[in-house]
Amino acid sequence: MKMHRIPAHVFNLDYTLRCGQVFRWQKRGGEWMGVVKDSVISVKQKGDVLVAKSNLAAEEIVSYFRLEDDMENIYKHIGKDKLMKKVIAKYRGLRLIRQDPWECLVSYVCSRNAPIKKIKSVIFNLSKNFGNVIKSDGHIEYTFPEPDMVAEATLDKLGICGFRYGKKQAREILEIAKLVGGNNFDLERLKKYSYLDAKEELMTLRGVGHKVADCVLLFSLDKLEAFPIDVHIRRFMRREYFQDENISDDKIRELAREYFGKYAGYAQEYLFYHERSGGEK
DNA sequence: TCCCAGGTAACAT
DNA sequence: ATGTTACATGGG
């Protein structure tokens, strides 16, 4: 275990890990514990320094938390109006996380029409049943299973993870695991594609629609213009930008990408957290 | 009992 | 091309 002290300006660890983009981090006594790339990592924030205990290299931690993103520049792009500026000020320092594409894909396929608590339990069960055990400081953690480890599972064994739509979703996960594990679907390659081309590829997978595709693109494939539309964002956008009109997701997506521009995804995550927190303050 | 939850695919206009 | 519905389930 190495100890890292990483400079982190315009960064808020709590907002970043609490806003709902990741599902496997837990806060225990002032420290956040997570599993990144087969290693346990614990992090805490001391002012403008991110203190991390991990076997990961410092660069990997910087990349994971997207500490290279120039937040002031991003705020300049997405701070289009009074409301947006207010939300930015409220959650200043919230950063997108650069997740592993495979874990991100599975997580959001399982997320559909489910409360976040449910998603967390499904992801935990997948890790516990199919991932590897890691022991650290007396705690037992699990890696997120590789595609092959899921692909070899039976429908019944997958089923005990408690998917939202039962065997229907277990079948989707199995099918995706076989494609990704068998090198018939290269997630990493999508990073080189344009946003729209990568999205089209992702949506050929059964179980992946606009929302899941946009989440995977935004949270793991560096497509910061992606603007995932879920129930919360839909409600927010209709209320704040369309006078409560029952506008379609296509229209919302069109407006959001045009209005917020190449960092629309950052705007989305701030608004998502804001709306889900009830917009208080 | 009804409504909601980080939706998608199949089906109907 | 756009609108509607089945799917499946624990919690408020």
Side-chain angles (χ1 to χ4, degrees), chain A residues 15-25 87 91 94-97 99-101 103-126 155-156 158-177 179 185 196 199-221 223-224 226-240 242 245-257 260 264-279:
Chain A
Y15 293 156
T16 298
L17 292 176
R18 277 197 221 280
C19 69
Q21 57 182 327
V22 287
F23 303 104
R24 297 214 314 136
W25 283 87
V87 176
Y91 295 122
L94 189 167
R95 282 175 191 259
L96 291 173
I97 282 178
Q99 303 183 32
D100 170 70
E103 177 173 346
C104 187
L105 173 59
V106 173
S107 301
Y108 282 92
V109 167
C110 297
S111 78
R112 91 175 188 238
N113 210 16
I116 287 184
K117 203 170 165 187
K118 173 72 170 174
I119 305 166
K120 286 181 175 170
S121 95
V122 170
I123 299 306
F124 175 78
N125 289 337
L126 266 172
L155 265 185
D156 286 336
L158 266 178
I160 61 176
C161 296
F163 297 109
R164 176 74 176 76
Y165 289 96
K167 291 219 167 156
K168 181 178 173 181
Q169 212 155 48
R171 267 190 288 274
E172 291 169 357
I173 297 295
L174 196 55
E175 192 178 314
I176 292 172
L179 284 170
F185 195 97
L196 287 175
K199 183 165 178 179
E200 198 178 333
E201 276 296 304
L202 277 171
M203 288 179 65
T204 63
L205 299 171
R206 281 160 64 79
V208 178
H210 283 280
K211 154 66 170 57
V212 171
D214 277 329
C215 285
V216 175
L217 291 164
L218 178 62
F219 299 138
S220 73
L221 295 173
K223 305 303 179 199
L224 299 186
F227 192 88
I229 298 171
D230 74 308
V231 286
H232 303 286
I233 287 293
R234 184 179 304 118
R235 185 194 309 124
F236 176 88
M237 294 297 286
R238 284 179 177 177
R239 188 181 69 236
E240 302 296 339
F242 294 97
E245 202 186 329
N246 278 345
I247 195 93
S248 72
D249 287 0
D250 283 347
K251 291 274 169 56
I252 296 175
R253 205 156 29 235
E254 197 180 317
L255 169 110
R257 296 221 306 131
F260 295 119
Y266 256 106
Q268 191 274 0
E269 202 55 23
Y270 276 68
L271 294 175
F272 174 80
Y273 194 26
H274 171 71
E275 179 69 11
R276 234 176 57 87
S277 313

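What you see is a predicted model; the values in this text were computed from it and never measured. Letters A, B, ... are given to chains in the order of the sequence lines, protein chains preceding strands, and every chain is numbered from 1.
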> Considering only the P atoms, how many Å lie between B:dC3 and C:dT5, rounded to the nearest integer?
Replying inline: 14 Å
Regarding [X], tell me which of base, sugar-phosphate or nothing describes its non-hydrogen contacts under 4.0 Å with the strands shown.
X: A:R235; answer: sugar-phosphate
X: A:L205; answer: sugar-phosphate
X: A:F163; answer: nothing
X: A:G20; answer: base

Value in whole Å for how far the [atom2] atom of [N] lies from [atom1] of [X]:
X: A:D249; N: C:dT2; atom1: CG; atom2: C1'; result: 12 Å
X: A:D250; N: B:dG7; atom1: CG; atom2: P; result: 16 Å
X: A:R112; N: B:dG7; atom1: CZ; atom2: P; result: 10 Å
X: A:N246; N: C:dT4; atom1: CG; atom2: P; result: 9 Å
X: A:I116; N: B:dA5; atom1: CD1; atom2: C1'; result: 9 Å
X: A:L202; N: B:dG7; atom1: CG; atom2: C1'; result: 15 Å
X: A:Y165; N: B:dA10; atom1: OH; atom2: P; result: 15 Å
X: A:Y108; N: B:dA5; atom1: OH; atom2: C1'; result: 14 Å

Shortest side-chain distance from [X], nucleotide among [options]:
X: A:S248; options: B:dA9, C:dG3, B:dG7; result: C:dG3
X: A:P115; options: C:dC7, B:dA5, B:dA9; result: B:dA5
X: A:V231; options: B:dA5, B:dA10, B:dT8; result: B:dA5

> Which stems, defined as runs of 3 or more consecutive Watson-Crick or G-U wobble pairs with both pairing distances under 3.5 Å, involve DNA chain C?
Replying inline: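 B:2-5 with C:9-12, B:7-13 with C:1-7 - these are the stems of 3 or more pairs that involve DNA chain C.
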>> Closer than 3.5 angstrom, by distance alone: can the side chain of A:R238 be matched with the main-chain N or O of A:I247 as a donor-acceptor pair?
In response: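 Looks like yes, one N/O pair under 3.5 Å.
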> Any donor and acceptor pair, going by atom type alone, linking the side chain of A:K118 with main-chain N or O of A:G162 inside 3.5 Å?
Replying inline: yes
> Is it true that A:D214 and A:K211 make a salt bridge, defined as a side-chain N closer than 4.0 Å to a carboxylate O?
Replying inline: no
>> Regarding A:E172 and A:R112, does a basic nitrogen lie under 4.0 Å from an acidic carboxylate oxygen?
In response: yes
>> Using the ring centroid of each side chain, check whether A:F23 and A:Y108 are separated by less than 6.0 Å.
In response: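 Between A:F23 and A:Y108, the centre distance is under 6.0 Å.
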> Closer to the 5' end of DNA chain B via nearest nucleotide, is it A:E269 or A:V208?
Replying inline: A:E269
> Which comes earlier along DNA chain B counting from the 5' end, the contact point of A:Q21 or that of A:G207, where each point is its nearest nucleotide?
Replying inline: A:Q21
Hey, are the side chains of [X] and [Y] touching, using non-hydrogen atoms and a 4.5 Å cut-off?
X: A:L202; Y: A:F185; answer: yes
X: A:T16; Y: A:Q21; answer: yes
X: A:I176; Y: A:V106; answer: no
X: A:I160; Y: A:N125; answer: no

> Heavy atom of residues 167-176 of chain A under 4.0 Å from DNA chain B: which residues?
Replying inline: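 Heavy-atom contacts with DNA chain B come from no residue of residues 167-176 of chain A; none.
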>> Classify the ring geometry of A:Y15 against A:Y91: parallel below 30°, tilted from 30° to 60°, perpendicular beyond 60°.
In response: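 A:Y15 and A:Y91: perpendicular rings.
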